[in-house]
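Have a look at the structure below, then the notes.
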Amino acid sequence: MLTKIYTDNPNWNTIDQVVAQLLEGHIIIYPTGLGYAYGCSALKQRAIEKVCTLKGVDWRKHRLAVMCPSINSISEYAKVDNHSFQYIKANEKEPITYILPAKTELPKMLQNNHEIGIRLSLHPITTLLLETLGSPLLTASLPIRHEEPEYLTDPELIDECYGKEVYTIIDGGVTSGGYTSIIRLSHGEEEVVREGQKGFSILL
């Protein structure tokens, strides 16, 4: 099922309905700014487990990440020193997953070696959902189909392939595709774990 939300004139009843389903532990597919991803409330452990099952990953071995609406919200879930804050602020419009020292507000299954992966929303619809939800979304990339990468960027094709797995797919339009950089921020330094890439040819 596709759910269309217009950024210039959003239907708040629709947003409230989606948020209510997230609070009940349901899973959605939503636009991240680069592509589309599984999402669920980062406070619902059973929903997180279901997302891991859909992706075929073991949360004990696979690093998970959460999506936050703004820089200010990150400090609720991760330890952010002044250097890290300034670095994130300077790059807030870039598709980056930040690895930061974790706080204890989120389930332990989201913490890997006492660290947590955090992204900032780059899509206005997702920002609206996050602000209404009041907590982060677990964010997890869709399974890769190398032969047909458009299945990760076109909501109608995503609905055709994955629609029966989730409560709904938030239609944010066709996206460019790509994957984020991963940067670890700790002790006043940044470490590039993975270089990101925008575009259709390589997707993660």
Side-chain angles (χ1 to χ4, degrees), residues 19 22-23 25-30 32-123 126-127 129-131 133-144 178-197 203-204:
V19 167
L22 289 167
L23 291 173
H26 291 283
I27 296 167
I28 64 172
I29 292 174
Y30 73 101
T32 66
L34 282 179
Y36 282 79
Y38 290 120
C40 70
S41 168
L43 303 180
K44 300 292 184 180
Q45 182 165 320
R46 297 181 84 173
I48 296 170
E49 291 172 349
K50 184 176 179 181
V51 170
C52 290
T53 298
L54 290 173
K55 280 184 61 66
V57 299
D58 184 342
W59 61 265
R60 288 172 287 265
K61 301 176 181 178
H62 185 84
R63 183 181 297 281
L64 303 174
V66 300
M67 184 75 74
C68 292
S70 66
I71 295 176
N72 292 334
S73 62
I74 292 177
S75 61
E76 298 179 41
Y77 310 103
K79 299 173 185 177
V80 184
D81 59 25
N82 185 62
H83 172 82
S84 298
F85 180 84
Q86 295 301 327
Y87 186 89
I88 296 170
K89 185 176 182 179
N91 294 279
E92 63 179 320
K93 300 301 183 182
E94 297 298 321
I96 298 173
T97 299
Y98 300 100
I99 300 175
L100 292 159
K103 288 186 176 179
T104 59
E105 278 69 17
L106 294 176
K108 288 184 178 180
M109 64 190 307
L110 293 176
Q111 302 174 30
N112 186 316
N113 293 326
H114 305 289
E115 295 178 323
I116 188 166
I118 289 184
R119 291 179 64 179
L120 288 175
S121 172
L122 297 179
H123 198 288
T126 298
T127 302
L129 285 174
L130 286 164
E131 290 174 346
L133 181 62
S135 59
L137 284 172
L138 172 78
T139 183
S141 58
L142 299 176
I144 301 171
Y179 56 88
T180 68
S181 297
I182 299 176
I183 296 177
R184 176 176 284 108
L185 297 173
S186 61
H187 306 297
E189 297 181 354
E190 60 269 3
E191 173 195 353
V192 178
V193 178
R194 181 183 73 184
E195 294 281 358
Q197 179 162 340
L203 295 159
L204 183 62

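By convention here, the first residue in the shown sequence is residue 1.
Taking every heavy atom of both residues into account, I48 and P107 meet most closely at CD1-CG, 4.3 Å. Scanning both residues, V66 and A42, for their nearest heavy atoms gives CG1-CB, 3.8 Å. In plain terms, the two heavy atoms of E195 and Y179 that are nearest each other are O-CE1, 3.2 Å. The shortest heavy-atom contact between A140 and K55 is CB-CD, 3.3 Å. Contact between V51 and C40 at its shortest, heavy atoms only, is CG2-SG, 4.0 Å.
Atom OG1 of residue T97 and atom CD1 of residue I183 lie 9.5 Å apart, to the nearest 0.5 angstrom. A distance of 13.5 Å separates OH of Y87 from CD of E92, quoted to the nearest 0.5 Å. To the nearest 0.5 Å, atom CD1 of residue I27 and atom OH of residue Y38 are 8.0 Å apart. The distance from the CD atom of Q86 to the CD1 atom of I88 is 10.0 Å, given to the nearest 0.5 Å. Rounded to the nearest 0.5 angstrom, W59 CH2 and Q45 CD are separated by 6.5 Å. Interatomic distance, T127 OG1 to L122 CG, rounded to the nearest 0.5 Å: 8.0 Å.
Residues L106 and L43 are in side-chain contact: their nearest non-hydrogen atoms beyond the backbone lie under 4.5 Å apart. Looking only at side-chain heavy atoms (C-beta outward), M109 and R60 stay at 4.5 Å or farther from each other. Inter-residue side-chain proximity for T32 and R119 is flagged as met; some heavy-atom pair is nearer than 4.5 Å. Within the 4.5 Å cutoff, no side-chain heavy atoms of N112 are placed close to those of K61. Looking at heavy atoms from C-beta onward, T139 lies in side-chain contact with Y30 at the 4.5 angstrom threshold. Between I99 and I116, every side-chain heavy-atom pair lies at or beyond the 4.5 Å cut-off. At least one side-chain heavy atom of I28 sits under 4.5 Å from a side-chain heavy atom of L22. No side-chain heavy atom of H26 sits under 4.5 Å from any side-chain heavy atom of K44.
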- Query: Going through the checks in order, is the side chain to side chain contact (heavy atoms under 4.5 Å, CB included) test met by I29 and L142?
  - Reply: CA-CA 9 Å; I29 292 174; L142 299 176; 3.8 Å; yes
For L64 and C52: C-alpha separation, side-chain torsions, deciding distance, then whether side chain to side chain contact (heavy atoms under 4.5 Å, CB included) applies. CA-CA 9 Å; L64 303 174; C52 290; 4.1 Å; yes
Applying side chain to side chain contact (heavy atoms under 4.5 Å, CB included), run through Q111 and K103 and close with a yes or a no.
CA-CA 9 Å; Q111 302 174 30; K103 288 186 176 179; over 6 Å; no
Side chain to side chain contact (heavy atoms under 4.5 Å, CB included) between I96 and T180: does it pass, once the steps are laid out? CA-CA 5 Å; I96 298 173; T180 68; 5.6 Å; no
Please list every donor-acceptor pair under 3.5 Å in which a side-chain atom of residues 68-79 meets a protein atom from a residue at least two apart or in another chain.
unit_1	atom_1	unit_2	atom_2	d
S73	OG	S70	N	3.4
S73	OG	S70	O	2.7
S75	OG	N72	O	3.1

Would you be so kind as to tabulate the donor-acceptor pairs closer than 3.5 Å made by side chains of residues 185-192, with sequence neighbours excluded?
unit_1	atom_1	unit_2	atom_2	d
E190	OE1	H83	NE2	2.7
E191	OE1	R184	NH1	3.2

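Side-chain contact of T126 with S121: a donor-acceptor pair under 3.5 Å is absent, judged by distance alone.
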